[in-house]
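One structure is given here, and the rest of the page talks about it.
Predicted, not measured: the structure shown is a model, and the values here were computed from it. Whatever order the structure lists them in is the order used to number ligands and atoms, beginning at 1.
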Amino acid sequence: MIRVIQSAKELSDVVIFNRDKGYSIGFVPTMGALHEGHITLAKKSKRENDITIVSIFVNPTQFNDKKDLDKYTRDLDGDILKLLPTEIDIVFAPTAAEVYPDGEQAGQEIDLAGLDTYMEGKFRPGHFKGVAQVVKRLLDIVMPDKLYMGQKDFQQFTIIDHMIKTLGIKTTLVVCPTIREEHGLAMSSRNERLTKETRAKAGIIYKTLQTIKRNKSKKSIAELTENGLKKLNIPPFEPEYLTLVDGYKLTPVTDIETSDYVVACVAVWADGVRLIDNIIVKK
Ligand code: PAF
């Protein structure tokens with residue numbers, strides 16, 4: 001049985017009770033519309049901790065596009081059913097009033113050292129301020145030993161890692177590999193909104209990233225990105241950006257050979273849906 005808790009105070013009390021018994025706490029934050037990627041994170045947390053908590057909260061402050069927020073799938077019962085086989089302990093499904101008792105502006109001032117200005121940050125202004133705000137608030141409530149996030153949201157976990165370190169939060173971030181659909185498309189709640197045909201063809205995004213990685217020593221960065229963008233610019237796909245960045249600073253790299261950590265990141269539109277993916281080119 002999974003216990004469903006809506007109150008922040010009740011959740012914190014349950015966590016403190018379990019901590020006093022010496023139990024470790026694993027935490028998977030989600031916005032629901034769960035897929036195999038989330039389930040994999042939940043299972044990993046279950047294996048590595050005594051108590052696993054999955055939060056389901058569609059955070060309004062991270063949506064720069066109100067239409068995207070309205071369209072977001074909400075199906076708490078369906079999500080709980082999907083989690084049942086994982087045998088996690090608690091689903092935390094708070095209301096916005098529980099998460100933001102002092103209003104949605106409170107807690108948005110976390111310093112992200114400019115990491116929120118590149119890539120996704122450029123096209124989704126304010127998005128990462130909202131993500132950092134909600135993750136900080138959830139960490140305050142859940143107080144987990146380990147926090148589980150997927151590699152698909154590369155910029156997101158890099159920013160959360162920065163926040164955890166700079167604010168001295170006593171939680172270890174565990175990043176798990178991207179789970180992919182049969183044709184290579186990175187799993188995302190948004191994939192449901194693609195047509196069947198687009199979904200089958202969308203493996204081109206990951207294939208393009210793999211080609212970049214394969215050719216990293218043979219071609220210049222300009223050639224790698226130019227060729228990649230050409231490959232991706234075939235309807236219904238429309239690339240928004242394709243860039244090779246320093247994995248720590250998120251700034252564009254100018255030379256792969258002299259960089260320690262290089263990640264190729266991409267955002268592509270298809271059927272009115274924005275898809276992101278990445279590959280570690282060098283680490
Ligand atoms: O990745 C997500 O689903 C969200 O950005 C997160 C981390 C749950 C915060 O709302």
- Query: CG/D75 to CD1/I56 distance, rounded to the nearest 0.5 angstrom?
  - Reply: 9.0 Å
- Cationic N near anionic O, under 4.0 Å, R19 to D145: yes
As an exercise, identify every atom of ligand 1 less than 4.0 angstrom from a heavy atom of [X].
X	answer
V134	9 (C), 10 (O)
P29	8 (C)
M149	7 (C)
M31	3 (O), 4 (C), 8 (C), 10 (O)

- Query: Is the number of heavy atoms from other residues, nucleotides or ligands under 6.0 Å of Y261 OH greater than 12?
  - Reply: yes
- Message: Run the salt bridge (charged side-chain N to carboxylate O under 4.0 Å, His left out) test on E240 and R124 for me, step by step, so that the C-alpha distance in whole Å, both residues' side-chain angles and the decisive distance to 0.1 Å come before the verdict.
- Response: CA-CA 12 Å; E240 192 158 66; R124 305 177 68 190; over 6 Å; no
- Message: Check for me whether the distance between the ring centres of F92 and F57 falls short of 6.0 Å.
- Response: no
- Ring centroid separation for Y241 and F123, is it under 6.0 angstrom? yes
- Close N or O approach (Q62, ligand 1; < 3.5 Å): yes
- When you measure from atom 1 (O) of ligand 1 to every protein heavy atom, which one gives the shortest distance, and what is it? Q156 NE2, 2.8 Å
- Query: Under 4.0 Å from ligand 1, counting heavy atoms only, is it the side chain of T30, its backbone, both or neither?
  - Reply: backbone
